Amino acid sequence: MTGLVYRETLRVGALPFTHHPLQRAGAWSVMTLAGRDRPDDVTVTDLDDVAAKLVRDVVRASVAAKDSAAYDWWKVLYALFPNAKPTHAGRSRDTAVLTREVEQFFIVERAGAVLRPCVFCGAPAAALWSKSMLPMFDTTKFLNTLPPRAAGWPVCRACRIALWAMPYGAAVTAGSATVLTCDDDAVERAFVVDNCERAARIRQTGFSSLPSNASPEAVTLWALRTYAKSRPVAATLWMFKNDNQEPWLRVTGTRLAVVGFLHVLPANKDADRGWRRLEHALTRRAADGAVVRSGRDVIARTLFDPANGPRDRLLVEMFNCRDSIDKMPGSTLRAWRALFALYLREMCGVDSGVLKPVTELLVDWITAEANPRGRFNEYRKVAGRAFLLQRLLMEASGRLLLDGRRPSDITGVTGALFGSTPQGWQLRGQLFFEVVAELVVRKAPIGTRDDSDDSDDGEQDGPLVGVDPVDDEDEQGDV
C-alpha cells in the first residue's frame with residue numbers, strides 16, 4: 001500500500017467531506033478512528049493507519065468461526081458489501097491471502113493508471129467499484145446502470161477508505177445500517193462517535209453481549225437536544241441494506257420544529273411527565289421481564305416523518321391509548337393533556353385553548369348522569385370521527401337544554417374541529433385528553449385509578465437521557 005502519484009498533493013485535508021450520506025458518514029468515521037477533531041485535520045498518514053485497521057478488522061471477521069463473537073462483524077459487512085472478496089461464500093480462509101486481497105481495496109493510485117473523476121468528490125481515481133463494494137449504488141443489474149463502456153464507478157482512495165469505514169459510525173445490525181445527515185455538524189459527529197464505540201464492542205464481543213441500547217432515532221433526538229442549541233435544525237436518517245438480491249432504503253427525517261419542542265419539553269413539568277409516562281405505557285415486556293419493545297424508541301420514531309408518509313405520529317400513539325384511559329391514574333391523564341397540547345403548539349402552531357367550550361359541554365353532559373361511564377364510553381367511541389362526534393355534540397346540547405341547563409356555545413370552534421385538514425384531527429385528539437382530564441378534576445367515576453397508586457419508579461429522569469445506539473434490527477422497523 002505504498003506509492004504514488006497523488007500522495008504529495010494530499011497532506012493536511014486529505015479526506016474529502018461530501019454531502020453524500022454514506023461517504024459523509026464514512027468521513028466522520030475515519031476522523032473518529034484517526035483520533036482527529038475535524039475531518040479537515042485528517043492527513044495521508046491517518047488514512048494509511050485507518051486503511052490498515054480496516055484491513056485487519058475485515059480479515060479477522062472474515063476468517064472467524066461462525067460461532068465466535070468476531071463473526072458478527074462479518075454479518076455487518078455482508079449486509080453492506082455482498083460478494084466482495086472478504087464477504088463472498090468462496091472467500092479464502094487464509095489470513096495472509098485475504099489480507100493481500102483486502103489491501104488492494106485501498107491502494108494508492110499508481111503512476112500511469114487511467115484516471116477518472118471520483119464519483120463522490122471529483123478527485124482523480126483509478127479504481128472502479130460497483131455493487132459489491134458500494135452500498136446503494138446499483139441493482140443486481142448494475143452493468144446496465146453504469147456509464148457506457150465503464151466497468152464500475154470511479155472512487156478515489158480516500159473515499160474508498162471512507163465507504164468501508166462507514167459501518168463503524170453507522171447504527172448497524174446484522175442485516176442493515178442507519179446513517180445520519182443533519183444541518184448541524186455537531187449532531188452528526190455525536191451520532192458517529194457513539195456508534196464507533198458500539199462498533200468496537202461488536203467486533204470484540206458480538207451483538208449478544210451488548211447492553212440494551214436505544215434506536216438510531218432516540219440517539220438522534222438526544223444529540224439534537226444536546227448539541228443543536230443555537231438554531232433549529234433538521235436531521236435525516238437513511239436506513240438501508242445492500243441486499244444480495246436488491247438494495248432497499250428507508251428515509252425518515254425530523255422537522256425544524258423538533259429541536260424547539262425538545263428544548264421546551266423539560267421545562268414543562270406536566271408535559272415532561274407525560275412523555276415519561278407514555279414511554280412506560282408503550283413499553284412491552286416478555287414474561288421474564290425482558291423488554292421486547294422499548295417505549296422510548298417507539299416515541300422517538302414518531303418524531304421522524306417517513307418520506308411521503310404520515311406525520312405527527314406521536315399524537316396518533318397517544319390517541320391510540322384511549323381504550324386504556326380508565327386504567328390510568330389521574331395525574332397521567334393530566335400529563336398527557338399537557339404533552340399533547342405542547343406538541344400541538346410547538347410542532348403544529350395550534351392553540352388548544354379554543355377547545356374550552358367544547359370540553360365544558362361534553363363534561364357537563366357526561367357528568368349529568370349518576371353513572372357517567374356510559375356517556376363517557378359513548379364519547380370515547382366517536383372521539384376521533386368528525387361526523388359522529390358532531391352528531392354527539394348536537395345530541396348533548398339538546399339533552400342539556402331539555403334538562404334545563406345552558407350548554408356552552410361551541411360555534412366558534414366547530415369549523416376547525418370538524419374540518420378535514422390536519423388541524424381537525426389534531427384538535428379532536430386534544431379534545432379527548434381535555435375531556436378526560438376535566439372529568440378527573442370533577443372526580444367523575446369513569447374508572448381512573450387514584451393518584452396514590454401512581455409512581456414514577458422505573459421511568460427515566462427525562463426524555464432521551466443516557467441513550468446509546470441500537471443493537472437489534474427489529475428495534476429499527478417501521479412504527
Side-chain angles (χ1 to χ4, degrees), residues 16-29 31-32 39 79-80 120-121 134-137 159 162-163 165-173 176-196 198 214-242 247-263 296-314 343 346-348 463-464 467-470 473 475-479:
F17 196 57
T18 74
H19 291 289
H20 188 284
L22 304 190
Q23 194 278 343
R24 190 177 182 88
W28 282 116
S29 300
M31 179 206 74
T32 304
L80 305 182
F120 293 103
C121 69
L134 288 175
M136 301 306 300
F137 252 63
C159 288
L163 263 294
M166 176 268 297
Y168 292 73
V172 296
T173 73
S176 67
T178 303
V179 298
L180 167 74
T181 56
C182 182
D183 300 335
D184 191 317
D185 286 352
V187 175
E188 288 186 355
R189 174 178 175 148
F191 186 86
V192 168
V193 169
D194 277 351
N195 283 318
C196 281
R198 178 173 171 273
S215 66
E217 292 86 353
V219 174
T220 303
L221 294 187
W222 165 79
L224 285 172
R225 196 189 66 170
T226 303
Y227 296 103
K229 295 181 178 180
S230 60
R231 61 188 176 94
V233 297
T236 302
L237 290 176
W238 311 76
M239 180 184 177
F240 64 96
K241 180 178 182 179
N242 195 40
W248 53 259
L249 171 69
R250 299 172 191 160
V251 181
T252 60
T254 64
R255 284 169 266 169
L256 292 174
V258 163
V259 173
F261 172 71
L262 293 175
H263 284 166
R296 171 191 59 192
D297 294 343
V298 172
I299 296 178
R301 292 189 191 107
T302 65
L303 296 184
F304 286 78
D305 301 325
N308 302 318
R311 295 158 63 96
D312 301 316
R313 293 184 295 161
L314 177 63
Y343 182 97
E346 297 295 328
M347 297 291 293
C348 309
L464 309 170
V467 297
D468 291 307
V470 71
E473 181 176 12
E475 286 295 310
Q476 297 191 54
D478 291 338
V479 175

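The model shown is predicted, which means the values in this text are computed figures rather than measured ones.
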What is the distance from atom [atom1] of [X] to atom [atom2] of [Y], rounded to the nearest 0.5 Å?
X	Y	atom1	atom2	result
Q23	F17	CD	CZ	8.0 Å
L180	W28	CG	CH2	10.5 Å
E188	C182	CD	SG	6.0 Å
M347	L314	CE	CG	8.5 Å
F191	C196	CZ	SG	10.5 Å
H20	C159	NE2	SG	10.0 Å

Begin from the C-alpha positions of D305 and R255 and carry the test side chain to side chain contact (heavy atoms under 4.5 Å, CB included) through to its verdict. CA-CA 8 Å; D305 301 325; R255 284 169 266 169; 2.9 Å; yes
C348 to D312 - nearest heavy-atom pair and separation: SG-OD1, 3.7 Å
Taking every non-hydrogen atom, the tightest pair across V172 and A177: CG1-CB, 3.9 Å
Heavy-atom donor-acceptor pair, R296 side chain to S215 backbone, under 3.5 Å: no
Taking the side chain from N242 and the backbone from P247, do they hold a donor-acceptor pair closer than 3.5 Å? no
Could you work out, with side-chain contact (heavy atoms from CB on, under 4.5 Å) as the rule, every residue matching T254, not counting sequence neighbours? L221, L224, A234, A235, V258, F304
Thinking salt bridges, do D184 and K229 make one under a 4.0 Å N-O criterion? no
